[in-house]
Amino acid sequence: MRQILVTSALPYANGHIHLGHLVEYIQTDIWVRFQRLVGNRCVFVCADDTHGTAISIRAKQEGRSEEAVIADMKAAHERDFAGFSVSFDNYGSTNSPSNRALCNELWQKIRAAGLVVEKSVTQLFDPVAKQFLADRYVRGNCPKCGAPDQYGDSCDKCGAAYSPTDLTNPVSALSGATPELQSSPHWFINTEQMHDFLATWTRSGALHEDVANWLAGAFLAEPLRDWDVSRPAPYFGFEIPDAPGNYWYVWFDAPIGYMASTKDWCDRVGEKFDDWWRSDQTEIHHFIGKDITYFHTLFWPVMLKAAGFTLPKAVHIHGFLTVNGEKMSKSKGTFIRAATYLQSGLDPHYLRYFYASKLTPKLDNLDLGLEDFVAKVNGDLVGKVVNLASRTAKFVRETGLAAVYPDDGGLFAEAAAEGTAIAEAYEACDYNQAMRRIMALADRANKFVDERAPWTLKKDPSKAAELQQVCTVALNLFRQLVVYLAPVMPRLAEQTGELLSSPIGSWNETQQPLVGTAVNEYKHLLSRVDMKQVEAMVEASRESAPSNEPAASTPAAGGAGTWNDDRSALDAEPLVADRITIDQFTAVDLRVARVIEAKEVPEAKKLLQLTLLLGGDEKRNVFAGIKAAYKPEDLVGRLVVMVANLEPRQMKFGLSEGMVTAAGPGGPEVFLLGVDSGAKPGQRVH
RNA sequence: GGGCCAGUAGCUCAGUCGGUUAGAGCAGGGCACUCAUAAUGCCUUGGUCGGGGGUUCGAGUCCCUCCUGGCCUACCA
């Protein structure tokens with residue numbers, strides 16, 4: 001029996017769980033349930049990731065404490081996970097006493113190992129908010145192209161990367177004050193000392209070959225840079241004991257949260273922590289998304305190694321979720337929260353099955369095609385698997401299963417033998433292959449029922465024994481499939497246990513037929529999905545109507561009159577605290593303009609070239625970064641709002657004489673400002 | 001610009017070490033069945049394996065090159 005500790009990445013306490021997150025939790029939970037089913041000791045822990053600047057800012061905006069914010073989010077996360085049958089043994093928080101204690105312990109050991117170095121860092125400091133500013137909380141003019149209101153790390157307009165101290169006219173997004181340069185001590189972990197260890201560990205089999213190759217090329221080919229793990233006060237996190245006024249950076253304490261959650265579980269159930277994190281007997285498996293690969297494959301192993309803990313046996317990395325082949329989109333309604341799915345009435349296990357049918361050990365993105373989803377659930381689960389019980393159970397309602405397992409031509413034995421390959425596929429996270437094999441078995445079982453036609457036997461009382469035999473075989477083949485599917489469809493396994501009067505609790509039950517038990521009345525085990533349910537869920541997730549349609553015509557799931565507007569957009573671009581005068585506003589000459597020409601700029605990735613008419617022959621040539629969101633032909637003729645007195649800017653493709661106004665985060669999600677009908681080109685916006 | 005990955009049927013994808021006539025599921029077409037949730041079974045249409053070149057007795061598979069898409073990285077506006 002193996003002893004296995006499994007983690008999923010800690011969701012950040014600043015947002016709700018959505019279908020993208022669920023890829024990971026479902027992938028992990030299936031693996032965990034599989035391990036338990038085959039008889040391994042498998043403990044699954046997770047926690048909320050609670051620290052960092054984003055939480056503080058949100059708390060401030062909402063006028064309550066950080067603790068209050070994270071408590072609410074934790075409760076919401078746990079509800080969502082429970083709704084999708086994610087079977088954590090413990091769900092903790094990085095803001096816990098156990099995590100603080102473990103952070104201290106690791107820190108001391110990493111220091112003792114000689115890996116900690118102190119260096120002075122010069123950063124922008126907000127004199128009003130009295131804190132240092134992370135890159136994204138500094139806005140200013142791009143040092144390269146001069147574009148206004150850019151983040152401190154890179155420019156949306158020209159893509160230039162720079163440091164926040166390079167911005168011209170920098171402004172704090174927190175207070176609107178002009179930040180000042182200020183130095184402060186920071187503590188770093190010198191990962192370069194562990195270079196050789198990492199070179200070996202990344203090739204130890206813990207990582208997919210592609211990942212090891214990427215690390216070798218992108219990081220390990222040259223000396224590793226020191227990793228800055230401290231932040232000066234104020235910061236929502238744990239204060240570093242031997243560096244008062246400084247806090248551990250969220251990515252230092254977050255992975256330690258895996259350990260803290262394990263510790264909490266140990267304390268609760270009477271286990272020893274060292275058996276799980278300081279033991280050769282325990283395999284540690286992390287499941288993560290590819291976006292956080294290097295934290296888990298470089299820094300984390302270094303921390304564990306330096307502090308003398310067990311290294312991960314494997315880090316399983318998955319890709320991102322797309323919906324209908326595209327990035328999840330709030331405007332298209334494909335940014336679907338876990339809670340919205342649950343409220344829609346769709347069975348959460350359907351999503352588990354769908355993800356399982358798509359998941360492989362590769363890092364590829366996974367697409368949730370909504371039509372595909374409906375077809376798979378209805379075709380595979382209802383049409384093939386559950387159909388076996390549905391078409392035979394009632395014939396043995398009175399007799400129960402035969403006392404001796406009849407001759408089935410070797411079907412059960414063949415399917416039992418297939419168990420090895422299915423188990424290997426689960427173990428390797430190749431659920432796609434496991435599902436394919438299971439469905440192939442379902443096909444064979446349905447064929448058997450078709451050939452033996454129990455409905456014909458039913459008509460001839462002298463064939464009652466044969467009828468019972470045929471149904472005993474069919475129901476055993478069904479039950480075998482359900483056991484194979486149990487890691488994915490735990491609820492179905494329970495229901496099947498009730499139907500056949502014998503609970504399912506072990507993988508071994510696929511190897512031995514069930515005989516002589518009572519068969520209870522058949523009730524639908526799963527119901528078909530109607531595309532309309534899915535469409536309703538998408539509608540409930542849609543945040544802003546794509547056209548001028550009033551939002552009120554599409555009430556959200558919460559009922560009429562609710563608009564379901566969360567604050568995610570605000571969080572992405574915090575309100576500017578700095579007030580302006582009316583004069584400053586009127587300095588911006590906003591005008592209604594008609595797009596009279598729009599064309600592609602072939603060499604440009606993001607730009608369209610627009611000719612805007614302000615009336616008469618007053619025209620402006622404007623380059624707009626909206627190529628991913630609009631087609632030129634859809635723009636010609638429409639009215640937009642432009643900044644008419646913006647300093648003209650020489651761009652690679654020509655002179656840009658203004659700017660069209662739009663909302664949205666960028667890329668395909670750009671929404672041009674329009675005006676209500678009646679407005680005329682040239683009119684000023686007041 | 002540099003690097004990495006991918007491209008196989010309408011869709012989603014298998015395809016081992018280079019080895020027979022390139023497979024599956026879904027979708028499409030036909031037939032059967034009527035127990036089952038319009039479920040199931042049988043038959044069937046559909047591919048220049050992104051293009052081109054090369055190595056080889058033999059290439060979806062190996063090499064070169066080009067095209068397309070994605071990711072990483074650098075730069076330009």
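Near RNA chain B, meaning a heavy atom under 4.0 Å from it, residues 464-482 of chain A has no residue at all. Of the residues in residues 526-533 of chain A, A:Leu526, A:Arg528 come within less than 4.0 Å of RNA chain B through at least one heavy atom, sorted by number. For RNA chain B, the neighbouring residues in residues 429-454 of chain A, judged by any heavy atom under 4.0 Å, are A:Arg436, A:Asp443, A:Asn446, A:Lys447, A:Asp450.
The interatomic distance linking A:Leu381 (CG) with B:G25 (P) rounds to 17 Å, in whole Å.
In this structure A:Phe412 satisfies the ring pair (Phe, Tyr, Trp, His ring centres under 6.0 Å) test together with A:Tyr405, sequence neighbours excluded. Residues satisfying the ring pair (Phe, Tyr, Trp, His ring centres under 6.0 Å) test with A:Phe335, not counting sequence neighbours, are A:His18. For A:Phe320, the ring pair (Phe, Tyr, Trp, His ring centres under 6.0 Å) test picks out no residue, with sequence neighbours left out. Partners of A:Tyr355 by ring pair (Phe, Tyr, Trp, His ring centres under 6.0 Å), not counting sequence neighbours: none found. Considering only residues two or more places apart in sequence or on other chains, A:Arg620 meets the salt bridge (charged side-chain N to carboxylate O under 4.0 Å, His left out) condition with A:Glu618.
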N/O donor to acceptor pairs below 3.5 angstrom from side-chain atoms of residues 370-381 of chain A, sequence neighbours left out:
residue, atom, partner, partner atom, Å
A:Asp372, OD2, A:Lys358, NZ, 3.2
A:Asn378, OD1, A:Val529, N, 2.8
A:Asn378, ND2, A:Val529, O, 2.9
A:Asp380, OD2, A:Tyr353, OH, 2.6

Under 3.5 Å donor-acceptor pairs involving side-chain atoms of residues 451-460 of chain A, not counting sequence neighbours:
residue, atom, partner, partner atom, Å
A:Asp460, OD1, A:Ser462, N, 3.0
A:Asp460, OD1, A:Ser462, OG, 2.8
A:Asp460, OD2, A:Ser462, OG, 3.3

Pairing annotation in dot-bracket form, given for RNA chain B with Watson-Crick or G-U pairs under 3.5 Å and | for cross-strand partners: (((((((..((((.....[...)))).(((((.......))))).....(((((..]....))))))))))))....

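Regarding contacts with the backbone of B:U37, every side-chain N or O of A:Lys394 stays at 4.0 angstrom or more from both OP1 and OP2.
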Distances for protein N or O near nucleotides 29-31 of chain B N or O, under 3.5 Å:
none

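In the set B:G25, B:U37, B:C33, the nucleotide with an atom closest to the side chain of A:Lys384 is B:G25.
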